[in-house]
Asks: 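Got a structure for you, written out below as C-alpha cells; questions coming shortly.
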Amino acid sequence: MELNSDQIKALKGRGFLLNKDGVHFSCRVVVPAGKLTAAEAGKITAVSEKYGRGYFTLTQRLDVEIPWLAYEDLDQVADELAEAGLAVGGTGMRLRPICTCKGNVCQFAFFDTEEVAKKFHERFYNGMYGLGLPNKLRINIGGCPINCSQAFMACVGVYGKKAGQVAITLGGKLGRSPQLIGREIRGLYSIDEAMDLVEKTIHYYKENGQPGERFASMVERIGFATVEDALLK
Ligand code: SF4
C-alpha cells in the first residue's frame, strides 16, 4: 500500500518509523526505566518472530525497536504488545521516555533510579502525553555524579548529588550542531521538589519555545539565568 508523507508522519508520531527500504516499519516499544520483565521480553521476541525478522534492537535511550514490520500488521503488533502491558510510542513533539542509569542496583546510587524514573514516566510521559511541545524533550536521570546516564547531555537532567538531594541541569543537547552541555541550576532538591520543578520546566518550554525549537536552543536564546530565575521564582 502506497502511503503519503502525512500518513508516514502520523505513523511516526505513534511510534512506527519507516525503514530505509521505504516499505517496512520499525515499532518503538516504550520501556519505562529501561527495565523489561522476562514476560515482556518474551512478548517482544514473539512479535518480532511473527511479524518481523526475528530480532529487535535497543535504542540509545533504553527503548526497543522491532524492525521490518509490514504496514498492514502495525495495529495488530500494537495490540499484541499491549497484551503484555507494553506501549508503542516514544516519538513526536513531546516528552520522550525517561532515560536512567542502573541506580536501582548500583552501589554508588543516592536513590533508586528505577523507582524515580517510573514516577517521572507516569507523571510526565503518560500524564502529559497530549500536551504538545515545540519539539521533543528529553529527561535523563542519574543516581550519582558519575553520571552514566549523561544527565548533562539531556534537555533536563536530574542526578543524585548527595543522600536525599539531587541537582538539576538544563539545556543539554546532542545531535546536529551545536552540541550543548546542560548547566546546573542553583540549589539541591528532594525528589518531590525536583519533580515539581521539572513540571514547571515542561510548561515553561511549552509557553516560551518557538515551533520546532529544541529546549536547549530556547535556553540559549532566552538566556540560562533568565530561565533559571523564572523556574525558581
Ligand atoms: S550514575 Fe552513578 S548510580 Fe548511576 S549507574 Fe552510574 S555510578 Fe551507578
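Just follow the structure's listing: the first ligand is 1, and inside any ligand the first atom is 1. Quantities reported herein were computed from a predicted structural model and do not represent experimental measurements.
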Asks: Is the Tyr159 to Phe152 ring centre distance short of 6.0 Å?
Replies: yes
Asks: Among all residues two or more places apart in sequence or in another chain, which pass the ring-ring contact (aromatic ring centres under 6.0 Å, His included) test with Tyr189?
Replies: none
Asks: Classify the ring geometry between Tyr71 and Phe25 as parallel (under 30°), tilted (30 to 60°) or perpendicular (over 60°).
Replies: tilted
Asks: With sequence neighbours left out, what residues match Phe16 under ring-ring contact (aromatic ring centres under 6.0 Å, His included)?
Replies: none
Asks: Taking atom 6 (Fe) of ligand 1 as the centre, count the protein N/O/S atoms lying under 2.8 Å from it.
Replies: 1
Asks: Is Lys161 salt-bridged to Glu184, cutoff N-O under 4.0 Å?
Replies: yes
Asks: Which pairs with one or both residues in residues 13-32 pass salt bridge (charged side-chain N to carboxylate O under 4.0 Å, His left out), sequence neighbours excluded?
Replies: Arg14-Asp75, Arg28-Glu65
